[in-house]
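From a predicted model like this one, the values you see are computed outputs, not experimental measurements.
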Amino acid sequence: MDEHRKNAYRYLILKAFLEIRSIEWHTYRPLRFLNLFAISRTRKQISRAGALADWLHNLAAFTCNDFRNFDEEWFWRDYESMVNRHGDPSNYREVFDRRLQEIRADS
């Protein structure tokens with residue numbers, strides 16, 4: 001795998017962590033949980049954050065070994081499975097592709 005792809009995968013982890021970390025703020029507005037719609041929306045966000053973490057934890061581990069034995073096809077199949085279960089408002093495939101194009105254009 002070339003350095004551009006490695007960079008794009010690392011960027012993907014960063015973008016997902018920015019989404020996941022926003023879950024913490026739900027605990028600072030406890031009265032919000034009196035609203036059934038807010039509860040439902042929050043449950044979906046928490047479930048999605050967990051799915052993102054589950055999807056990306058192996059990628060993070062592979063970055064520690066410079067992506068040795070990383071299977072991109074498996075990774076993106078796992079992504080499609082996550083999208084089928086939770087949707088993908090952030091469109092992480094597009095995030096990855098766009099970052100890869102930016103990096104290649106700059107080099």
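Residues Asp2 and Arg104 are in side-chain contact: their nearest non-hydrogen atoms beyond the backbone lie under 4.5 Å apart. No side-chain heavy atom of Gln101 sits less than 4.5 Å from a side-chain heavy atom of His4. For the pair Val83/Trp55, no side-chain contact is recorded, criterion being any heavy-atom separation below 4.5 Å from C-beta on.
Hydrophobic clustering, with ILVMFWY side chains joined whenever heavy atoms are under 4.5 angstrom apart, groups Trp74 together with Leu12. Two different hydrophobic clusters hold Leu14 and Ile103 under the rule that ILVMFWY side chains link at heavy-atom gaps under 4.5 Å.
Atom NE2 of residue His57 and atom CZ of residue Phe62 lie 9.5 Å apart, to the nearest 0.5 angstrom. Atom CG of Asp88 and atom CE of Met82 lie 5.0 Å apart (nearest 0.5 Å). Interatomic distance, Asn7 CG to Phe96 CZ, rounded to the nearest 0.5 Å: 9.5 Å. Expressed to the nearest 0.5 Å, how far OH of Tyr11 lies from CG of Leu100 amounts to 12.5 Å. The CG atom of Asp97 sits 13.0 Å away from the CZ atom of Arg99 when rounded to the nearest 0.5 Å. For the atom pair Arg77 CZ and Asp71 CG, the distance stands at 6.0 Å (nearest 0.5 Å).
With sequence neighbours left out, the side chain to side chain contact (heavy atoms under 4.5 Å, CB included) criterion links Glu19 to Arg48, Leu52, Ser90, Tyr92.
In this structure, Ala16 and Leu56 approach most closely via the heavy-atom pair CB-CD1, 3.0 Å. The nearest pair of heavy atoms linking Leu59 to Phe67 is CD1-CE2, 3.6 Å.
In summary, the side chains of Ser81 and Arg85 do present a donor paired with an acceptor at a separation below 3.5 Å, with no hydrogens or angles considered.
Using a cutoff of 4.0 Å between basic side-chain nitrogens and carboxylate oxygens, Lys6 and Glu3 are scored as salt-bridged.
Two rings, from Tyr9 and Phe70, have their centers less than 6.0 Å apart.
Annotation for Tyr79: atom OH counts as buried by contact number, over 12 foreign heavy atoms lying within 6.0 Å.
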